2 protein chains.
Amino acid sequence: MNAKSLLRLPLYEQIKQQILQRVADSEWDSNELLPSEWDLAEQFSVSQGTVRKALTDLVNDGVLYRQQGRGTFVAEPLDDWAGMSMVSPGMLREKPDRLVREFLGIQRGHASDELAATLGLRRGAAVHRIRLLWRQQGQIVALDEVTLPLERFEALDVRWLRQSVGVWAVLQQHFGVRLRVKAEQWRAIGLPREEAQLLHAREGEPALFYLRLAEDMQGQALEWRERWCLTGTLGLSRQQEQ
Amino acid sequence: MNAKSLLRLPLYEQIKQQILQRVADSEWDSNELLPSEWDLAEQFSVSQGTVRKALTDLVNDGVLYRQQGRGTFVAEPLDDWAGMSMVSPGMLREKPDRLVREFLGIQRGHASDELAATLGLRRGAAVHRIRLLWRQQGQIVALDEVTLPLERFEALDVRWLRQSVGVWAVLQQHFGVRLRVKAEQWRAIGLPREEAQLLHAREGEPALFYLRLAEDMQGQALEWRERWCLTGTLGLSRQQEQ
DNA sequence: AAGTGGTCTAGACCACCAG
DNA sequence: TGGTGGTCTAGACCACTTT
């Protein structure tokens with residue numbers, strides 16, 4: 001009836017954004033039950049069908065999940081491996097074991113021309129560079145170098161990175177930004193010296209090199225990530241070392 | 001009003017299946033305009049909203065696409081690289097060049113115990129084994145070995161494989177089955193002898209090894225694929241050979 | 001029994017595209 | 001201008017879960 005469209009955005013889009021905001025602000029925690037569709041409809045002064053459309057979209061985006069007869073809930077925050085193919089050793093049917101993150105550090109730097117173009121930044125724009133190490137059952141399995149536009153994430157706090165489960169979770173919790181993979185590429189390479197040292201592996205040892213561009217739900221590119229992964233074969237040879 | 005549910009399936013599910021069947025039977029070709037939502041609603045004796053729900057699901061599955069003000073169309077058939085990350089050399093923003101398929105052959109074989117379990121088959125069940133080679137700008141970039149349950153695809157015809165753009169397109173066109181990736185895994189390996197020969201590369205040369213399980217829209221596992229990919233680094237060394 | 005999400009209808013108006 | 005998909009409403013009944 002009322003709630004006259006503020007910006008020519010569909011009502012369900014406005015509702016989605018308000019719900020996303022509340023999730024980002026932790027007004028609703030993970031796995032917390034949302035008000036019913038009818039309650040939300042009354043809060044937002046729209047029909048239940050419109051709320052339903054908004055919730056369905058958010059479920060498809062992985063922000064919420066539903067259980068028939070019980071209600072609608074807030075999904076777990078994304079971790080940095082969300083939507084990524086398995087690279088862990090072992091059978092295909094196994095879920096990858098919970099990965100443990102080690103925060104190596106954050107620096108300020110400047111984007112290369114190519115990276116600036118990819119992220120839609122000015123030439124030489126300032127960026128955050130974050131390094132993470134991933135362990136599985138104690139063994140080092142991957143090294144990440146993450147690049148974020150500094151302008152957008154100026155307030156980024158080192159303590160958040162140390163405490164959180166990953167960069168994506170930090171961006172969601174503190175900036176209300178939910179990322180998804182926009183483009184990615186795999187290569188087989190020999191490990192460069194610096195990365196080999198950090199991974200405690202031999203220089204030139206074959207590894208997976210994973211490049212990934214991530215965007216927010218509006219399609220704005222926001223994160224560039226390079227990941228060096230030790231795969232099953234490597235895992236074997238590494239066991240012999242220890 | 002009528003169309004009393006035949007199998008306790010929601011009306012929109014029945015409509016989805018009927019539309020999928022017509023697409024599989026090529027009653028509607030790729031990029032062909034479907035009847036309007038109101039026409040379909042009348043054909044199926046349901047409301048326009050129910051047709052809309054069915055079409056929206058099929059759009060999300062990639063079977064159809066919509067254009068505001070014009071209509072709803074049949075999407076291009078899937079190719080064997082659908083939903084797969086880029087592995088081609090070059091920049092991330094580039095679309096991978098159109099890959100050219102070379103059909104190497106098809107054999108009958110028997111599933112290993114592990115593969116039988118993965119595909120939900122009896123121990124030692126008969127399977128099709130298909131080999132494909134992929135070229136990009138003339139250069140060999142990948143080798144596929146595809147395993148399909150023979151029971152489900154007994155009528156598979158070699159001519160279809162020779163003429164079509166890929167295995168997924170054949171399954172969609174001739175069996176009405178649309179696949180999607182269920183699980184996948186990447187590894188960096190040295191090429192085994194046989195695969196190295198087929199790829200015209202050196203044995204032991206580092207390459208990406210990609211394992212993939214695909215399922216139909218009902219979640220039934222139907223395809224196992226192993227793919228050896230030569231990545232950018234390799235592409236360089238191969239240029240020197242020629 | 002009460003409350004939730006899941007399905008379905010009938011009708012309305014809008015935004016976009018074509019002739 | 002007419003037809004299409006896009007949005008929105010108000011109401012109904014069903015299936016499932018919890019109390």
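Being a predicted model, the structure only gives us computed values, none of them experimental. Excluded from the calculations below are hydrogen atoms, water molecules and symmetry mates; all remaining heavy atoms, backbone and side chain alike, are included.
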Quiz item: When you check the gap from the basic side-chain N to the acidic O, do B:E37 and B:R66 get nearer than 4.0 Å?
Solution: yes

Quiz item: Can you tell me how far C1' of C:dC8 sits from CG of B:L40, to the nearest Å?
Solution: 17 Å

Self-check item: A:W38 CH2 - C:dA2 P separation (whole Å)
Solution: 18 Å

Quiz item: Taking OP1 and OP2 of D:dT4, is either one under 4.0 Å from a side-chain nitrogen or oxygen of B:R66?
Solution: no

Quiz item: Choosing from D:dT7, C:dA10, D:dT9, which nucleotide comes nearest the side chain of B:S47?
Solution: C:dA10

Exercise. Map A:G49 and A:R70 onto DNA chain D by nearest heavy atom, then report which one ends up closer to the 5' terminus.
Key: A:G49

Self-check item: Residues A:K182, A:E215: salt bridge by 4.0 Å N-O rule
Solution: yes

Quiz item: What is the distance from CZ of A:F44 to C1' of D:dC8, rounded to the nearest Å?
Solution: 16 Å

Exercise. Using atom NZ of B:K16 as one end and atom C1' of C:dG6 as the other, report the distance to the nearest whole Å.
Key: 14 Å

Quiz item: Whole-Å distance between D:dT7 P and A:L55 CG?
Solution: 16 Å

Quiz item: Quick one: which of B:T72, B:N31, B:V59 gives a side-chain contact (heavy atoms from CB on, under 4.5 Å) with B:Y65?
Solution: B:N31

Practice problem: State plainly whether the residues A:R225 and A:E145 are in salt-bridge range, i.e. N to O under 4.0 Å. | Solution: no

Quiz item: Out of C:dA15, D:dA15, C:dT4, which has the shortest distance to the side chain of A:Q68?
Solution: D:dA15

Practice problem: Would you kindly give the CZ-to-P distance between A:R52 and C:dT9, to the nearest whole Å? | Solution: 15 Å

Quiz item: Considering only side-chain heavy atoms of B:S36, which listed nucleotide, D:dG5, C:dG5, D:dC8, is closest?
Solution: D:dG5

Quiz item: To the nearest angstrom, how far is B:Q67 atom CD from C:dA15 atom C1'?
Solution: 15 Å

Quiz item: Picking from B:T56, B:D57, B:D61, what satisfies side chain to side chain donor-acceptor pair (under 3.5 Å) with B:K16?
Solution: B:D57

Quiz item: Given C:dT7, D:dA10, C:dG11, which nucleotide is nearest the side-chain atoms of B:Q48?
Solution: C:dG11

Quiz prompt | From D:dT7, D:dT18, C:dT7, nucleotide with atom closest to A:K53 side chain | solution = D:dT7

Exercise. Mind calculating the distance between CD (A:E37) and P (C:dG3) to the nearest angstrom?
Key: 16 Å

Practice problem: Report the nucleotide, chosen from D:dT7, D:dA10, C:dC8, that has the shortest atom-to-atom distance to any side-chain atom of A:Y12. | Solution: D:dT7

Quiz item: Any side-chain N or O of A:T72 less than 4.0 Å from the OP1 or OP2 oxygen of C:dG5?
Solution: yes

